[in-house]
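Contents: one structure, followed by commentary.
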Amino acid sequence: MNDMQPNDVAPNCTEQRIRLYDGSERRIFLCDEEVPYPDGKLIVSSTDTEGVITHCNDSFVDMSGYSEAELIGQPHSILRHPDIPKAAFADMWNTVQGGEKWAGYIKNLRKDGRYYWVYATVVPNKRAGVIKGFTSVRRKPSRDRVNEAQALYVEMKKAEVNS
Amino acid sequence: MKLKLTVSPDFPPEKLAGWHIFNTWLQRQTGLASHFDVYESYEELHSAIDAETVDLIYANAYDSANLVRDKGFIPLARPAQQADEVVIATSIENSAEKIEDLTPGINIATTADPDVRTIGMIMLEPANIDSANSQLQSYGSYPLVAKSLMKKDSQAGFFLADAYDRLSKLIQSQLRPLVRSHIQLISHSFLLSPRAIAHKDTLQELLENMAEKENGPRVLDDLDSKGWRIPDQEEVEFMIDLMSTLVSD
Ligand SMILES: Cc1cc2nc3c(=O)[nH]c(=O)nc-3n(C[C@H](O)[C@H](O)[C@H](O)COP(=O)(O)O)c2cc1C
């Protein structure tokens, strides 16, 4: 996946390299500024069975900071924020590949290095009994629930580093 | 064969007149005998479907999910322009100016429409309000939902956005909208039972070109509709997947 570009990001970002599930590395820039979730909207995207983005709605494009063309065909980890522990995504993938619905609180990384929190629900797109891909629908989360999730993820990340 | 037509039981009585007129129009256009039945509740509708006494239904997204996935109903047409969006409003005398100002324990006024309830409850989540810590009261029409807010019997009201916009200026001046959804993907659909598949092409042609048919524009007006378009199967499947992410189970 393409590295994030210094020219695209907000001032005062810090640079990091993260390792993705497929073993590849990506340079990212992080800025400690949250972008508020847009009221009344759902952020929707679909992927193929491998997690490559095949469709996204206008709210998704707006909130990610990327253009639609920059998103389609990219792995969904283009939004991966390093504060979310690996175990959260592993749980999500296990659940949806098993044909079930998964939901949880996710912090996403924008093209400009800022972030946004969502409550995401992911479902398999079953057609005639076969999983053809996945769809995720995000909505505005409760701040209290985000704070709880954040505290949990901090603990999970510590355990990740120590293991 | 007699074509049995119905609508999801969330339509308020004043809207049913339009559907009776539509039924008559359909008979004239197709030469088919058709009959419009109204079911009072979801239980009644579902037993009618099980007894195979529904051929054509204008169903909300929630019902469409069950009918397409479990009963093999076929998507025929969707509204050409309108999607079902929701407004949450409170009384102007309530101090809340945004959703997060509402607090658990409130009374919520709504109608029987399950899509409106689902979207409404989701938009209350940022205020930590859920079905366990609030009381949902169902009313027979949206003006009654408004009235409940004005009488302070409830602190939040769920409205189909079109219905909110049709409230009188006087009533609207007593209400404060706190949020309006922009989902754009959820709507009612015409669905055909697999038993009536022989009529699919005729019905689709009629619905798609309704504005050009004799009396079509007038009947569309009576239904508050701007016309219909033919979706592909995947579009409806996608709406159903989307609904499944919104309902709690
Ligand atoms: C439908 C769908 C939507 C997803 N949405 C996101 C998302 O918004 N943000 C995110 O970081 N990962 C999302 N993922 C998970 C990513 O595919 C990926 O697993 C995750 O970013 C972690 O990266 P990694 O698997 O390379 O470690 C989504 C996956 C699917 C199937």
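Per chain, numbering begins at 1; letters A, B, ... match sequence-line order.
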Option in A:Gly40, A:Pro124, A:Ser136 with maximal non-hydrogen atom pairs under 4.5 Å from chain B: A:Gly40
How about OH on B:Tyr62, more than 12 heavy atoms from neighbouring residues, nucleotides or ligands closer than 6.0 Å, or not? no
Residue, of B:Gln184, B:Glu125, B:Arg180, that accumulates the most heavy atom pairs under 4.5 Å with chain A: B:Glu125
From the list B:Asn128, B:Ile129, B:Leu246, B:Ile119, the residue making the most non-hydrogen contacts under 4.5 Å with chain A is B:Asn128
Of all of B:Ile183, B:Ile122, B:Val86, which one pairs up most often with chain A through heavy atoms under 4.5 Å apart? B:Ile122
Is B:Asp101 atom CG crowded by more than 12 heavy atoms from other residues, nucleotides or ligands, each under 6.0 Å away? yes
The reported gap from CD in B:Glu234 to CG in A:Asn125 (rounded to nearest 0.5 angstrom) is 7.0 Å
With only heavy atoms counted, which part of A:Ser46 is less than 4.5 Å from chain B, the side chain, the backbone, both or neither? side chain
Take atom CG in B:Asp165; do more than 12 heavy atoms of anything else shown fall under 6.0 Å from it? yes
Does a side-chain N-to-carboxylate-O contact under 4.0 Å join B:Asp241 and A:Arg127? yes
Heavy-atom distance under 4.5 Å to chain A: side chain of B:Ile240, backbone, both or neither? neither
More than 12 heavy atoms of other residues, nucleotides or ligands under 6.0 Å from NZ of A:Lys111: yes or no? yes
Region of A:Val44 that comes under 4.5 Å of a non-hydrogen atom in chain B: side chain
Please indicate whether A:Glu25 has more than 12 foreign heavy atoms, meaning atoms of other residues, nucleotides or ligands, lying under 6.0 Å from its CD. yes
Given the options A:Pro141, A:Ala103, A:Ser142, which has more heavy-atom pairs under 4.5 Å with chain B than any of the others? A:Ser142
Please determine whether the number of non-hydrogen atoms from other residues, nucleotides or ligands lying under 6.0 Å from atom CG of A:Asp58 exceeds 12. no
Within a radius of less than 6.0 Å around CD of A:Glu100, do more than 12 heavy atoms belonging to other residues, nucleotides or ligands occur? no
Top residue by heavy-atom pair count (under 4.5 Å) with chain A, among B:Glu100, B:Gln233, B:Lys98, B:Met123? B:Glu100
Residue A:Lys101 versus chain B: region with a heavy atom under 4.5 Å: side chain
Just verifying a value: how many Å separate A:Asn57 CG and B:Leu242 CG, rounded to the nearest 0.5 Å? 9.0 Å
